[in-house]
Amino acid sequence: MAVARSHDLRLCHAILRDTELINGEPELRTHREWDAAPVVEVAAVPAVPALFDWDGGIVTPGIPHGVDDALAEFARQRAAIDSSAEAGRLRLLCAAESAGALIAVELRAAGLPWDVEEHERLLVEQLGARPLAGGRPERMTQLADDIRDALGDPKANPDSPPQLLRSLHRVGLAVESTSRWELRELEHPVIEPLLTYKKLARLYSANGWAWLAEWVHDRRFRPVYVPAGVVTGRWASSGGGALQIPRMLRRAVRADPGWLFVTADVAQLEPRVLAAMAGDLALADAARGGDLYAGIVDAGAVGTRAEAKVALLGAMYGATTGDSGRLLPGLRRAYPRAMRLVDDAARTGERGGVVHTWLGRTAPPPGGRWHAVRAAAAEPDASRADVDRARRQAADRGRFTRNFVVQGTAAEWALAWLGDLRARLAAFPPVPESEPAAEASGVRFARVPHLAFFLHDELIVHTPAASAPKVAAAVQDAADAAARLLFGTFPLDFRLDVKIGETAEKE
DNA sequence: TGATTGTGCGCG
DNA sequence: AAAGCGCGCACAATCA
């Protein structure tokens, strides 16, 4: 039995409590019990939790569970939305947020199909034999020896940045840190084994045998998704590092026998969202060919695709120097509306003002310390340091609000995409008894196409092989529907890169 | 000793 | 190439 619609009282409370699109609403603000963050007792959650099995161990202390409390809060939230001049947007935002919350639970229940043997093969191939007790894997041990030899320092320790830095200085390498980008520029016999060591050390500690044992059970990776865990509305994750599955490991993501993956990611989501928000027809036009960056080059705003990318990222992140800063005037000439939108958001933030996303999620206002720093700089006897500090924090906040409006609206688009797709997938017929089922995905999903992973602008659907082409079409249809839902008839398409395969490899 | 902070690297 | 957004995680160093 699948839930068709939901309203997440806690997440919507947070949106409505903070939104700029409603003024006042003291009723909502006085009910602070809805502000409590959920505490999910992960350890108590069974490997394949049933969706609404409240014996399953998901505990959310601090939130009233009584039906009367819930209904009262629901009524407050509806009244708040209805009284807003932007009721349509807020209604949409709450619906999208709630659908996302439901999907986050379902994603964890279904899990991402994981090929443990392939993962282990990969570890042995890269790291060498698994250490028996506490030591480093074979290849890392060899590389550590090579590093010590090259440095002529039998005590050199590649795991400790400060120690390593001293060792590097002793052989005359004038670096300020031990980070990869700085080391890469140097010519010295230690560099190659050291960079290799760092790469392997990362794999070993982040996604090695210990990770596998902790996070992959029953051939499924089940991360904990945290909807709206980021201030912009993006999801965060807690445990398992779901936001950082390294590209290398993607071939360990393998569909069940008789099943396939449909993987899809949106090409240049944030620039497209910016074009739509700003109503910038020229930028929308650049996006029409599918490759937005190529479109910017064709329009003559910059010289190369690489420049287009760096310039646009710089515009959304608030770059001022370097290549990106140098390219901004060209962008400003070609796309004045889009640039004005992000520049305005930055100026508002610098002044201490508040900005909001397309659907009304509002950035947190600056805190007391921020105002104190600004006030100190405005005093007649303010020191040079006071003034510099205030200027720096204003610029920092400007970059944050500049990015907030775009990143946050992109997150809203992605929620609409997910929610629409969920409904489309629910309409697929279950596979017949004679066909293989995805048992590990749980009873809800074992026989139907289902979402298996989501990350900002990318999703993976696990589907019976026969349904894969129709699922791929549904994924694109959902993207089109999301675009219409947020931006109506604005002429901009959201191009997806859709792939059907047994693994989730990108290239 | 245990909690906090900093570094480095992975992801979008 | 390493500025310019948002994260999580592991590990070492540092502080209490």
Side-chain angles (χ1 to χ4, degrees), chain A residues 136 157-166 175-185 194-195 197-208 210-211 214-215 223-250 265-271 273-274 306-307 309-328 331 342-343 345-346 349 355 357 361 363-364 392 395-411 413-414 453-459 497 504 506:
Chain A
R136 293 183 176 118
N157 177 11
D159 289 326
S160 161
Q163 288 178 44
L164 180 60
L165 195 60
R166 282 194 291 273
V175 281
E176 291 194 15
S177 75
T178 63
S179 37
R180 193 161 51 94
W181 58 265
E182 200 175 349
L183 295 176
R184 211 165 41 188
E185 301 308 306
L194 183 52
L195 291 180
Y197 180 90
K198 281 167 154 286
K199 195 178 167 64
L200 297 186
R202 169 78 194 178
L203 174 65
Y204 176 57
S205 74
N207 296 99
W211 180 88
E214 185 176 356
W215 289 100
V224 178
Y225 296 93
V226 184
V230 180
V231 276
T232 58
R234 271 188 176 184
W235 290 9
S237 76
S238 147
L243 273 59
Q244 38 188 141
I245 298 174
R247 288 182 105 78
M248 234 186 81
L249 277 184
R250 282 187 166 251
D265 60 73
V266 196
Q268 305 110 20
L269 174 58
E270 291 187 356
V273 159
L274 172 58
E307 284 181 340
K309 184 173 179 175
V310 107
L312 210 46
L313 288 177
M316 293 186 300
Y317 293 166
T320 52
T321 60
D323 287 348
S324 186
R326 186 170 51 74
L327 294 165
L328 285 185
L331 220 53
V342 286
D343 288 344
V355 297
T357 60
R361 192 188 309 268
R392 207 170 329 116
D396 288 348
R397 188 170 154 77
R399 284 193 305 276
F400 167 66
T401 51
R402 171 191 291 271
N403 187 247
F404 180 94
V405 294
V406 180
Q407 186 183 115
T409 303
W413 184 93
F453 189 71
F454 168 65
L455 182 58
H456 308 321
D457 64 354
E458 172 193 8
L459 57 79
D497 185 12
K506 282 205 158 174

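Just so we're on the same page: letters track the sequence lines, and every chain starts at 1.
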Rounded to whole Å, the CD-P distance (Q268(A) to dC5(C)) equals 21 Å

Taken to the nearest whole Å, CD/E176(A) to P/dG8(B) is 11 Å

Please table the atom pairs, donor to acceptor, closer than 3.5 Å between any side-chain atom in residues 225-236 of chain A and protein atoms at least two apart or in another chain.
residue: T232(A); atom: OG1; partner: R234(A); partner atom: N; Å: 3.4
residue: T232(A); atom: OG1; partner: Q407(A); partner atom: OE1; Å: 2.7
residue: R234(A); atom: NH2; partner: E270(A); partner atom: OE2; Å: 3.3

Sequence neighbours excluded, the answer for side-chain contact (heavy atoms from CB on, under 4.5 Å) partners of T401(A) is V355(A), R397(A)

Heavy-atom nearest pair, L183(A) first then T178(A), reads CD1-O, 3.3 Å

Between N or O atoms, less than 3.5 Å apart, protein on one side and nucleotides 7-10 of chain C on the other: list the pairs.
residue: dG8(C); atom: N2; partner: R202(A); partner atom: NH2; Å: 3.4
residue: dG8(C); atom: N2; partner: Q244(A); partner atom: NE2; Å: 2.9
residue: dG8(C); atom: N3; partner: Q244(A); partner atom: OE1; Å: 3.0
residue: dC9(C); atom: OP1; partner: G239(A); partner atom: N; Å: 2.2

Residue pairs meeting salt bridge (Lys or Arg N to Asp or Glu O under 4.0 Å), one or both in residues 312-321 of chain A, sequence neighbours left out, come to none

Practice item. May I ask you to say what K198(A) touches in the nucleic acid, namely base, sugar-phosphate or nothing, with a heavy-atom cut-off under 4.0 Å? Key: sugar-phosphate

S205(A) meets the side chain to side chain donor-acceptor pair (under 3.5 Å) criterion, sequence neighbours left out, with none

Taken in chain and number order and not counting sequence neighbours, the residues that satisfy side chain to side chain donor-acceptor pair (under 3.5 Å) with Y317(A) are none

key: dT5(B) versus dG4(C) - spacing of their C1' atoms, nearest Å   = 24 Å

Pairwise N/O distances under 3.5 Å, protein to nucleotides 1-4 of chain C:
residue: dA2(C); atom: N6; partner: R184(A); partner atom: NH2; Å: 3.2

Atom CG of L203(A) and atom P of dC11(B) are separated, to the nearest Å, by 11 Å

So what does F404(A) touch, heavy atoms closer than 4.0 Å: a base, only the sugar-phosphate, or nothing? nothing

To the nearest angstrom, the CG-C1' distance between L164(A) and dT7(B) comes to 12 Å

Got a list of protein N/O to nucleotides 1-6 of chain B N/O distances below 3.5 Å?
none

Sorted by chain and residue number, the side chain to side chain donor-acceptor pair (under 3.5 Å) partners of D265(A) (sequence neighbours excluded) come out as none

In whole angstroms, the gap separating P of dG8(B) from NZ of K199(A) amounts to 18 Å

Atom CE of M316(A) and atom C1' of dG12(B) are separated, to the nearest Å, by 11 Å

Sorted by chain and residue number, the side chain to side chain donor-acceptor pair (under 3.5 Å) partners of S237(A) (sequence neighbours excluded) come out as none

Nucleotide N/O of nucleotides 12-15 of chain C paired with protein N/O under 3.5 Å:
residue: dA12(C); atom: O3'; partner: S160(A); partner atom: OG; Å: 3.3
residue: dA13(C); atom: OP1; partner: S160(A); partner atom: OG; Å: 2.7
residue: dA13(C); atom: OP1; partner: Q163(A); partner atom: NE2; Å: 3.0

The bend of the helix from dT1(B)-dA16(C) to dG12(B)-dC5(C), taken between the axes of its five terminal pairs at each end and rounded to 10°, is 10°

